[in-house]
Amino acid sequence: MSVAVADVLIPLALDTAYSYAVPAGLDLAEGDVVQIPLGPRETVGVVWSLREGASGGNLRRVTAKVAEEGLRPPLRRLVDWIARYTLAPKGSALAMALRLPEEGTRSEVARIGVRATGAAPSRMTPARAKVIAVAADGAVRGKRALGLEAGVSSSVVEGLIDDRVLEAVALAPERVAEPPDPDHPHAPLSGPQREAADALIATLTAPAPGGTAGEGGVTLLEGVTGAGKTEVYFEVVAEAVRRGVQSLVLMPEIALTAQFLDRFAARFGARPAAWHSGIGGRRRERIRAGVAAGEIPVVVGARSALFLPFRTLGLVVVDEEHEAAYKQDDGVCYHARDMAVVRAKLENAAVVLASATPSIETRVNAARGRYRRVVLPERFGGRRLPEIAAVDMRREAMPRGRYLSPTLTAAIAETNARGEQALLFLNRRGYAPLTLCRACGHRYQCPNCSTWLVEHRFRRALVCHHCGHAERRPEACAACGTLDNLAACGPGVERIAEEVAATFPDRRVIVLSSDFPGGAERLRAELQTVAEGGCDIVVGTQLVAKGHNFPHLTLVGVLDADIGLASGDPRAAERTFQLLQQVTGRAGRGEKPGRALVQTYQPEHPVIAALISGDAERFYAEETAAREVAGLPPFGRLAALIVSAAEREAAEAHGRALAQVADPPPGVMVLGPAEAPLALVRGRHRFRLLVKAEREVDIQSYLRDWLARGPKARGSVRVGIDVDPQSFL
DNA sequence: AGCACGCCGACT
DNA sequence: GTCGGCGTGCTC
């Protein structure tokens, strides 16, 4: 006697599928969503495999099949792949793709529509006449919509339904997205844009009608800020729509704004389905269902959109490919850009990675021929890139406690005199990054972290930017009690704003940073004000580096280009270069040409030199070479795994490939496929490690440090995700 | 995830 | 003495 057995993967932190007996008469297929008993409760899972088991045994039985479409094979393979690659339990990876119907997803409240029957009402009133006049065309309208259109309350409509003048009909569920029209009238592309779009279209794997199919793969679309990359990939999306395959456009959550959706609507005549953390409940389910049914041709979404159940995914665009926001580092750690590449490969879809400042790893992949590369070398509409010049701070006469050089001050004055805006960029929130007592030298430090407390003068507080700890700015020194003798050391944006106000008392100044008082709503209004030219000088942090377009902005002043260059992060140079290139690139995107002045104490530093000369190619080549010299791979490939012999056996039982390095911390092993992220096993505990640095030596010292503090002190730790997935495909 | 079991500190 | 904190293990 044999019996049908389903191995069901449950969306919990479980690494193996559980076996259930399939009751006779229940027709199951792999990928089906099923309800199953688990301990004392019922839950859902996905049939991962089906097999014949020996003699009934004592397996519990599958309760029922859930009336939802099953997971298609590519998505199941993605789940397996991600679990293996990130060392997350398979069930956790599945949870990302399954996102259970939220609580209270009342089985789709059927919307009711009404239509005129042609019958005459038993009584006529002015309100009824209005409704009947509107409904006379015989079209189906929503109850509410009909009342609204006729300018009467819905009770009139109800009355007419009772009177058989209107009949109720079931209405198709509300659309979450209007169908995009690939041929909606739009501004033509420039010559270089057209060429780039054609090159990308040639990679689409879905064949053109009567034409040939491309071979897919990954293409880097690189273009300076303002080159019009978005229009280019919109064109590729349009072609995918024409060919009847679905497209996914991934963006960092913050870039997924109404402004962007409007841009999409301007090109396609309809807003796309938008998927991000703010989309909840019913809408979420609709989008899932629409995507699964193939009715939604284009989704624009943040990270998690990667796990939507596309039916025929033909194109994935990853906008702002270099953005760190693509890294998920809680739960299952992954890099959405890399997982997009993996998913596309599994779905045989083409990938476009778009960026003005591509990450090193993507450049390396392009240079090695693993990715294709398409470049838009110039700004759209003949606009020039801003001229960038260094301000050598060693030669500027700087009064104490001042941060605007005479050169920059003069440039601001000229710019404003022409009626144009200036942006002063300093990537430091608050008033001063360090506060100390003049009498005793006491430095205010965070009680939780090892960081200095940052003075926020506006809030009259000392704040830790690491953990959020805040305390009132003291009147007397906490250590020696001296009154009113605190010194603010170094500048933050608030202090710069103060200096600007003193130097240019008649100018309108706006300070923009993520802790903007009044929250996101007011911040948006403020950005709008800047865009409309309602201020003369903007002082901002990294927040102003991207997003909103400021057409009146013609001068960007970088107050301290050296911030960030000295940090121990192996990506420091790359990050700083990208940030400065973005910020300076904000100048001159409107009618008038722009320029940027970069205050620095080390104008010969490769990052600064590359920024000034505009020679990004050289910088990246040097940076890649420098990493090789330092023993750092061009991207975060972990070269070795730490293993303790005592645990090796158990690890191998898990089927993990292991390698050993010298001098492992005692009692510790790290396991995972060679070169993949690491999971730390200590005793019976399993931890994941976040290792920012990408060198073996750093991982080891980090491990030791972490172990010294112990799991109690530290909670859980995770391994980085800067690993190249291509080597595992 | 939920739930049970067990071990330690701090209280009516 | 107990109550309950969470650390740990288990669910086919």
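What's counted below: heavy atoms across the whole structure, side chains too, no hydrogens, waters or symmetry copies. The structure presented is a predicted model; accordingly, all values stated were derived computationally and were not measured. Throughout, a chain's letter reflects where its sequence line sits, starting with A, and its residues are numbered from 1.
Pairs engaging residues 23-37 of chain A under the salt bridge (charged side-chain N to carboxylate O under 4.0 Å, His left out) rule: A/Glu30-A/Arg76, A/Asp32-A/Lys65 [sequence neighbours left out]. Within the structure, no pair that satisfies the ring-ring contact (aromatic ring centres under 6.0 Å, His included) test touches residues 12-43 of chain A, not counting sequence neighbours.
Per the geometry, OH belonging to A/Tyr20 stands 5 Å off C1' belonging to C/dC12, to the nearest Å. Distance, A/Leu14 CG to C/dC12 P: 10 Å, rounded to whole Å. When rounded to the nearest whole Å, the span between CD1 of A/Ile10 and P of B/dG2 equals 14 Å. If you measure from atom CG of A/Leu59 to atom C1' of C/dT11, you get 14 Å, rounded to the nearest angstrom. If you measure from atom CG of A/Leu12 to atom C1' of C/dG9, you get 14 Å, rounded to the nearest angstrom. When the C1' atom of C/dC12 is taken as reference, atom CG of A/Leu28 falls 15 Å away, rounded to whole Å. Rounded to whole angstrom, the span from the CG atom of A/Asn58 across to the C1' atom of C/dC12 amounts to 10 Å. One interatomic measurement links the two molecules: CG of A/Asp15 to P of C/dT11, which rounds to 15 Å at whole-angstrom precision.
Scanning for side chain to side chain donor-acceptor pair (under 3.5 Å) contacts around A/Glu475 gives an empty result, with sequence neighbours left out. When the side chain to side chain donor-acceptor pair (under 3.5 Å) test is applied to A/Glu320, no partner is found at least two apart in sequence or on another chain. Legend: residues meeting salt bridge (charged side-chain N to carboxylate O under 4.0 Å, His left out) with A/Glu69, ordered by chain and number and at least two apart, are A/Arg311.
Applying a 4.0 Å cut-off to non-hydrogen atoms, the residues of residues 32-42 of chain A that approach DNA chain C are A/Pro37, A/Leu38, A/Gly39, listed by residue number.
Around atom CZ of A/Arg271, more than 12 heavy atoms belonging to other residues, nucleotides or ligands sit under 6.0 Å away.
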